[in-house]
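Per chain, numbering begins at 1; letters A, B, ... match sequence-line order. Predicted model only: the values in this text are computed from it and were never measured.
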2 protein chains.
Amino acid sequence: MTMKEIAEIAGVSVATVSKLLNNKPNRISAETRERVLKVVQEYHYTPNSIAKGLKIKRTNTLGFVLPDIRNPYFSEIGKGIQDELAKHNYGVLFCNTDNDMKKEESALYMLDTKMVDGVIMTQSRSAEYLKNSNLGHIPMVFVDRVPSMFEGIGTVHINEKKEFYKSTSYLLEHDCKRIAYISAKPLLSNERLAGYEEALAKYQIPFDSDLIYLGEYDVETGNKGIENIFSDCANVDGVVCGNDLIAIGVLNWFNENNIKVPSEVKVIGFDDIYISSYLNPKLTTIAQPAYQMGAQAVKMLLNHINNEAPLEKVELECTLVIRDTV
Amino acid sequence: MTMKEIAEIAGVSVATVSKLLNNKPNRISAETRERVLKVVQEYHYTPNSIAKGLKIKRTNTLGFVLPDIRNPYFSEIGKGIQDELAKHNYGVLFCNTDNDMKKEESALYMLDTKMVDGVIMTQSRSAEYLKNSNLGHIPMVFVDRVPSMFEGIGTVHINEKKEFYKSTSYLLEHDCKRIAYISAKPLLSNERLAGYEEALAKYQIPFDSDLIYLGEYDVETGNKGIENIFSDCANVDGVVCGNDLIAIGVLNWFNENNIKVPSEVKVIGFDDIYISSYLNPKLTTIAQPAYQMGAQAVKMLLNHINNEAPLEKVELECTLVIRDTV
DNA sequence: GGCCTTTGGGTAAACGTTTTCCCAAAATGA
DNA sequence: TCATTTTGGGAAAACGTTTACCCAAAGGCC
């Protein structure tokens with residue numbers, strides 16, 4: 001069923017149908033309106049938004065580029081995006097990159113060909129590509145990681161340095177003296193590590209590179225990291241983790257090695273993913289407002305698309321969630 | 001940059017460019033080919049697949065309708081879908097329904113307007129809508145839940161009855177006599193519960209409805225369910241959970257109430273989500289091949305779209321993962 | 001009655017592709 | 001040399017919308 005057919009059946013022109021369905025400022029008599037609407041209903045007419053998109057150059061679709069949807073942090077962001085988008089009749093194309101630059105580039109290319117109205121990016125590795133290919137015309141907001149090198153993009157982020165200062169300090173306040181730091185290798189500058197260092201400095205504890213392990217943001221990194229660190233020096237009494245997944249790995253290793261948390265060693269995570277409150281022991285962590293970050297990114301993008309509002313840079317606050325690991 | 005502009009710059013017709021870029025069986029001289037390709041590269045031409053889609057009636061996009069992306073089981077399926085799709089240059093629109101029929105219907109409507117080439121559905125509540133609105137033309141495969149009432153759709157599913165027979169039997173083999181069953185209210189017939197009952201019958205253990213709790217597929221249900229059951233009868237020595245999330249809730253409640261797993265009571269989950277192997281104690285469960293289910297659904301859909309292969313119904317096998325809760 | 005305004009629509013050109021024909025020139029064959 | 005085939009490529013319609021104009025009829029006003 002096309003609009004043309006509907007028009008013929010209702011005995012009007014396609015222009016009339018189009019204007020009616022999009023309620024454009026146009027005068028249409030009550031009878032005509034009803035007649036057309038009845039035909040639309042009866043034949044289950046579904047507008048073709050591909051054709052529409054071609055004409056109006058808007059697809060009502062956004063792209064979401066992320067490393068891996070299985071990471072609870074990103075699915076939380078994704079849920080925020082979708083819920084917000086559903087309110088506005090928008091769709092969203094998910095693109096997993098597995099932190100692979102090539103995949104990220106082809107995702108971006110695909111989104112471009114599909115004429116999305118905007119894209120939400122996390123953890124970009126393709127700064128070069130973004131600059132060279134002329135993707136500049138498509139509105140972007142970065143959530144989570146903020147590439148400083150771009151102008152004209154929006155960002156929704158947290159103050160990583162501040163938050164890790166917070167998490168490290170919390171351990172320090174609870175009498176930890178030798179605090180390990182296990183996280184992922186940074187893409188850009190290591191703000192997180194800087195926060196850790198700053199907290200240490202404040203308590204006049206010397207920085208010790210033996211206490212640092214950098215891998216990925218996953219459970220395995222936690223497992224391997226803590227094993228690594230303990231094999232060198234066993235007197236660790238606190239662990240700052242780059243995210244909750246890492247913390248889970250750490251907790252797991254402690255459990256298998258009969259090291260008691262929090263009595264012998266304290267652990268703090270980051271993100272506060274869903275599962276963290278159900279672990280045993282329950283994970284103390286810094287809650288990142290992932291859901292809101294997703295929703296916020298959408299709001300900014302839509303506001304920019306519809307009202308030409310400039311894309312801002314917004315910083316969100318995290319909160320300490322006190323549970324049982326410190 | 002449009003194809004027309006490229007054609008003009010290269011001094012050929014759009015037809016030539018189109019045929020070249022889609023490498024259609026058409027004779028193009030080496031010189032022309034190179035000349036056009038150079039222009040394409042130089043100007044970073046990106047084909048507009050919206051326009052293409054309008055013309056060829058294919059969008060290279062699939063829809064994925066699911067309850068909630070934050071459920072690890074569904075993100076696992078989603079990852080399988082995406083990885084498989086990425087190989088074929090397809091995109092996928094994610095639609096969360098929150099198990100709400102209205103949301104599901106509007107998701108389906110949106111996918112229809114967006115002219116997706118097919119959709120992958122989980123847990124449909126809108127059988128009526130599917131029948132009435134003329135969505136019949138769009139290829140569908142259901143994964144996870146199989147609505148028996150439809151013809152002409154594909155399915156990728158497991159044998160729920162068999163698998164729950166398996167999980168219950170495993171508890172029975174480990175000397176459990178009073179086994180609770182905590183799961184979600186079924187949309188269709190309760191195959192899972194039937195498997196549980198059958199296993200009980202085989203061991204000549206009477207079915208006791210006090211041992212059954214039906215809620216949602218989430219942690220809270222596990223928590224509340226086991227509390228509920230224990231308030232009535234405390235002599236439960238095994239728990240069959242409808243999924244791992246529920247099992248996590250159960251484990252959590254046992255932990256808070258100082259009931260030892262597996263010595264006092266044994267617990268078995270279902271799904272084998274990522275986190276299950278990192279719990280404390282590690283969860284014994286039945287692993288559902290979620291990733292493959294997603295990938296398989298894509299393969300079927302694509303094979304149907306490209307080669308007109310009929311949509312089949314495939315049943316996948318689950319495997320028991322023995323860990324520490326029984 | 002003549003003129004102007006409103007009302008209720010219609011025409012047709014775009015949007016950026018694909019694809020069915022079509023055709024000129026060159027090559028081939030006899 | 002002439003007819004036929006091959007080679008390389010172009011014209012234009014179509015896909016299903018939107019929208020800038022256009023216009024006839026009816027009503028209002030004097």
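Distances shown here put a side-chain N or O of A:Tyr45 below 4.0 Å from the OP1 or OP2 atom of D:dT17. For D:dG9, the OP1/OP2 oxygens have no side-chain nitrogen or oxygen of B:Thr16 closer than 4.0 Å. In this structure, B:Ser18 reaches the C:dT18 phosphate: one of its side-chain N or O atoms is under 4.0 Å from OP1 or OP2. Using a 4.0 Å cut-off, no side-chain N or O of A:Thr32 falls inside it from OP1 or OP2 of C:dG8.
Ring geometry, A:Phe64 versus A:Phe94: the interplanar angle exceeds 60°, so the pair is classed perpendicular (tilted spans 30 to 60°).
Using a 4.0 Å heavy-atom criterion, one finds that B:Ser49 contacts no nucleic acid atom at all. Among the atoms of the strands shown, base atoms are found under 4.0 Å from some heavy atom of A:Lys19. Among the protein residues, A:Ser13 comes within range of the nucleic acid bases, having at least one heavy atom under 4.0 Å from a base atom.
C:dG10 atom C1' lies 12 Å from atom CD1 of A:Ile28, rounded to whole Å. In this structure, the CD atom of A:Glu5 is 10 Å from the P atom of D:dC15, given to the nearest Å. At whole-Å resolution of the value, CE in B:Met115 and P in D:dG16 are 8 Å apart. The interatomic distance linking A:Met3 (CE) with C:dG10 (P) rounds to 13 Å, in whole Å. At whole-Å resolution of the value, CE in A:Met1 and P in D:dT17 are 11 Å apart. Rounded to whole Å, the distance from CZ on A:Arg35 to P on C:dG8 is 13 Å. Atom pair A:Glu31:CD and C:dT7:C1' shows a separation of 12 Å (rounding to whole Å applied). Straight-line distance from the CG atom of A:Asn22 to the P atom of D:dA20: 13 Å, rounded to whole Å.
If you check the side chains of A:Lys52 and A:Asn22, you find a donor sitting under 3.5 Å from an acceptor. Residues B:Thr122 and B:Asp144 bring no donor and acceptor atom of their side chains to less than 3.5 Å of each other. Between the side chains of B:Asp112 and A:Thr46, at least one donor N or O sits under 3.5 Å from an acceptor N or O. For A:Glu76 and A:Tyr274, the side-chain atoms include no donor-acceptor pair closer than 3.5 Å. Defined by atom type and a distance below 3.5 Å, a donor-acceptor pair is present between the side-chain atoms of B:Thr61 and A:Lys114. A donor atom on one side chain and an acceptor atom on the other are found under 3.5 Å apart for A:Arg58 and A:Asn306.
Interface residues of residues 51-62 of chain B facing DNA chain C, ordered by number: B:Ala51, B:Lys52, B:Lys55, B:Ile56; criterion, heavy-atom separation under 4.0 Å.
Nearer to the 5' terminus of DNA chain D, by closest-nucleotide assignment, is the contact made by B:Val14 (compared with the other of B:Val14 and A:Lys24). Looking at which nucleotide of DNA chain C each of A:Gly11 and A:Arg27 is closest to, the 5′-most match is held by A:Arg27.
Going from atom CD of A:Gln296 over to atom CD1 of A:Ile120 covers 10.5 Å, rounded to the nearest 0.5 Å.
For B:Asn48, counting side-chain heavy atoms from C-beta on, the closest listed nucleotide (D:dT17, C:dT17, C:dG9) is C:dT17. Each of C:dT18, C:dG9, C:dG16 was ranked by its minimum atom distance to the side chain of B:Thr2; first place goes to C:dG16. When distances run from any side-chain atom of B:Ala15 to the nucleotides C:dT17, D:dG8, D:dA12, the shortest one goes to D:dA12.
Taking the charged nitrogens against the carboxylate oxygens, B:Lys79 and B:Asp83 do have a contact shorter than 4.0 Å, which makes a salt bridge.
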Would A:Asp100 and A:Lys102 satisfy salt bridge (charged side-chain N to carboxylate O under 4.0 Å, His left out), going step by step from the backbone distance to the final call? CA-CA 6 Å; A:Asp100 173 348; A:Lys102 283 291 162 219; over 6 Å; no

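Overall bending of the helix from C:dG1-D:dC30 to C:dA30-D:dT1, expressed as the angle between end axes built from five pairs apiece, is 50° (10° steps).
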